[in-house]
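Letters go in sequence order (proteins before strands), and every chain restarts at 1. The figures here come from the full heavy-atom set of this structure, side chains too, leaving out hydrogens, waters and symmetry mates.
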Amino acid sequence: MRNSNEIIDDIANREYEFGFTTDIEMEMAPVGLNEDTIRFISAKKEEPQWMLEWRLKGFQAFKKMQFPKWQHFEMPELDLQKLSYYAAPKKKKQLNSLDEVDPELLATFEKLGIPINEQKALAGVAVDVVFDSVSVATTFKEKLHELGIIFCSFGEAVRTHPDLVKKYLGTVVPHSDNIFAALNAAVFSDGSFVYIPKGVRCPMELSTYFRINAENTGQFERTLIIADDNSYVSYLEGCTAPKRDENQLHAAVVELVAMEHAEIKYSTVQNWYPGDKDGNGGIYNFVTKRGICKGNSSKISWTQVETGSAITWKYPSVILQGDDAEGEFYSVAVTRNKQIADTGTKIYHLGRNTRSRIISKGISAGHSDNTYRGLVQVGPRAANARNFTQCDSLLIGDRCGAHTFPYIESRNSTATVEHEATTSKIGEDQIFYLNQRGIETEKAVALIVNGYAQEVLNQLPMEFAVEARKLLSITLEGSVG
Amino acid sequence: MLTIKNLHAEVDGKQILKGINLEIKKGEMHAIMGPNGSGKSSLSSVLAGRENYTVTQGEVIFEGKNLLDMSPEDRAREGLFMAFQYPVEIPGVSNLHFLKTALNEIRAYHSLPAMESKEFLKLTKEKQQLVDFNANLMNRSLNEGFSGGEKKRNEVFQLAMLDPKLAILDETDSGLDIDALRIVAAGVNKLRSADKAFMVITHYQRLLEYIVPDFVHVLYNGQIVKTGTKELALELEEKGYDWLKEEVHQKESV
């Protein structure tokens with residue numbers, strides 16, 4: 001370990017280093033989406049020609065596409081020509097102390113147990129040194145470097161590891177996959193890049209939180225994670241702290257590639273601004289996430305806890321290409337007020353003896369709508385493929401909705417596909433029972449909901465799970481009665 | 001400890017309790033008996049504060065406080081415990097986690113700090129042995145997949161853990177075989193003390209062979225029509241409830 005003076009020096013220097021970025025931040029692309037916008041973005045990011053060409057290919061595809069119509073909600077009117085596609089990281093208004101921060105936000109931080117320095121950083125208060133996280137980040141970086149693990153921003157990877165990016169970019173989510181993925185391909189801002197070399201087990205959870213520069217990756221984030229043969233990585237996206245954002249549309253893309261015997265565990269906690277209780281404002285979270293188990297005996301596992309956004313619309317998917325490959329999807333989606341979630345997964349069984357497991361827990365309260373949509377597809381070559389799907393819905397109150405759309409397509413007679421679904425209401429009997437033991441209604445609901453979601457929460461890394469539990473309780477406050 | 005005066009209550013507009021009067025003192029064991037539909041379980045529901053019951057008349061004073069003014073959770077925190085006739089299942093919530101939450105909520109109400117995990121586990125072990133509760137069940141989800149007997153034994157275990165002033169056992173004997181009944185009764189007997197009171201609601205005299213009451217009250221048609229000692233229970237066992245019903249009707253017609 002380096003001593004703290006060195007770390008402080010390091011941080012001081014780094015801040016200085018980044019001084020130049022202020023100039024760039026003043027610049028914005030003109031509103032609207034056309035080839036010039038894309039060239040502008042690419043130039044701003046000093047990208048090589050191949051990257052620009054790929055973006056333009058995405059744009060060509062985008063122009064030919066239309067918004068889908070099959071979703072179980074009314075598509076909000078989105079005028080993509082009215083957005084600005086290079087709103088460089090906005091400098092948040094610097095506040096001088098926590099006293100200036102919205103008390104409601106502070107109360108939430110308090111309940112989540114977020115340390116004071118992190119609270120300041122998240123709320124945009126000037127901090128001299130965010131001591132813990134930065135020192136941790138620094139030691140992390142050294143350790144990862146020793147193991148040959150690449151963990152950097154996407155933009156950095158384009159510059160420093162172009163061969164790897166070129167080899168895998170768009171191989172899981174092609175530039176023409178769907179309209180939002182095409183849009184992302186054309187205008188993506190930044191994101192994360194991870195490469196785990198052969199035989200390396202990444203010794204820590206990789207989290208955007210620890211990545212310097214993680215802030216302000218913008219609304220079109222792009223992440224690419226490659227786990228080479230016999231490697232393992234667990235990646236955490238998001239943070240339980242409430243995230244307010246001015247951008248209404250978020251169209252991110254995440255691609256995962258697992259080679260032979262490799263395992264990728266990808267966990268998300270999403271707590272973006274859901275809009276007010278009448279459904280005004282809030283983020284549209286339209287994300288394309290897909291992983292491919294390319295090698296034999298590889299494994300990809302998605303775990304998501306979705307509590308924020310006005311509309312959450314995503315299906316983290318797994319293509320089980322290698323034989324004996326395994327895919328998992330664990331999800332808790334909570335909607336309240338007028339929130340909408342249309343989420344689930346797609347699992348493509350292509351290889352022999354491939355296995356998949358889907359556990360989805362929807363929780364709806366208020367006037368919200370919560371939809372599970374899932375596809376399990378078994379190809380002709382996927383002998384002995386097995387899938388188990390369990391999808392449960394929990395209703396709080398009588399004005400919310402829960403819907404399930406499971407699709408199963410099997411083209412191999414040796415495959416086993418199981419689907420179980422339940423819908424339940426939080427019973428007055430359950431609440432009264434807990435009341436009678438001295439537990440007030442709000443806590444009782446939190447307890448019941450946490451119990452209900454436990455199977456999914458158990459999949460999260462320990463520390464994240466604790467925060468996610470608290471988040472669930474806070475999210476549902478005031479939903480009963 | 002508990003004074004019930006002229007208590008009237010209804011559910012869905014139907015009068016269920018029609019003027020209950022009852023006084024329970026510290027250390028006493030009261031048995032409430034009566035035929036089906038006489039209002040036994042309604043009485044416990046009203047005392048515990050179940051929402052769909054409306055008190056239309058009367059008052060209930062518990063330890064000097066107006067019980068009916070309190071929320072169900074505050075009644076529990078003040079020391080009123082009800083062992084449910086049909087304990088609910090709560091999947092995914094471990095028995096111990098639930099109990100720890102309950103215990104600490106009650107402690108917080110009395111301005112006591114939350115109990116440390118170590119201390120809590122010690123208490124758990126002690127009480128689990130005291131009421132002979134299966135240790136394997138403590139870490140399972142609350143009542144999920146428990147047999148009828150296991151659920152009832154869990155109620156007694158919770159009673160031991162939360163240490164209330166007044167415990168109402170609502171037909172705790174229903175659905176128990178003789179062995180389970182003995183174990184449950186033995187647990188309750190170990191919890192009897194000079195500063196704790198019990199109200200045992202039962203349909204049959206059988207439970208009272210193991211838990212010997214100081215008083216036996218017979219509830220019929222929403223009123224306590226007879227009060228006696230344990231001999232009354234024996235008499236009821238022998239003769240059934242019909243003679244009492246007749247007695248009541250004769251009185252009414254006079």
Checking A:Tyr433 against chain B: side chain, backbone, both or neither under 4.5 Å from a heavy atom?
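Its backbone and side chain both get close to chain B.
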
Closest heavy-atom contact between A:Asp392 and A:Gln390?
OD2-NE2, 2.8 Å

Work out which heavy atom in B:Val184 is nearest to a heavy atom in B:Thr172; give both atom names and the distance.
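Looking at all heavy atoms of both residues, the closest pair is CG1-CG2, 3.7 Å.
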
Near A:Arg386 CZ, under 6.0 Å, is it more than 12 heavy atoms from other residues, nucleotides or ligands?
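No, because the 6.0 Å sphere around CZ of A:Arg386 holds 12 heavy atoms or fewer from other groups.
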
Is it true that atom CD of A:Glu428 has more than 12 heavy atoms of other residues, nucleotides or ligands lying nearer than 6.0 Å?
no

Kindly list each side-chain donor-acceptor pair under 3.5 angstrom involving residues 10-17 of chain B, sequence neighbours excluded, with atom names and distances?
from, atom 1, to, atom 2, distance (Å)
B:Gln15, NE2, B:Thr56, OG1, 3.4

Determine which residues belonging to residues 151-170 of chain B lie within contact range of chain A, meaning some heavy atom pair is under 4.5 Å apart, and list them by number or answer 'none'.
B:Glu155, B:Gln158, B:Leu162

Residue [X] versus chain A: region with a heavy atom under 4.5 Å:
| X | result |
| --- | --- |
| B:Tyr86 | neither |
| B:Leu99 | neither |
| B:Arg50 | both |

Evaluate the side-chain proximity of A:Pro461 to A:Leu236: yes if any heavy-atom separation is below 4.5 Å, no if none is.
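Side chain of A:Leu236 against side chain of A:Pro461, heavy atoms only: contact under 4.5 Å found.
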
Any side-chain donor paired with an acceptor under 3.5 Å for A:Gln304 and A:Lys314?
yes

Tell me whether the rings of B:His30 and B:His217 are parallel (<30°), tilted (30 to 60°) or perpendicular (>60°).
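Parallel: the ring planes of B:His30 and B:His217 meet at under 30°.
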
Leading residue by heavy atom contact count with chain A [cutoff under 4.5 Å; candidates B:Glu89, B:Glu105, B:His97]
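Greatest number of close heavy-atom pairs with chain A: B:Glu105.
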
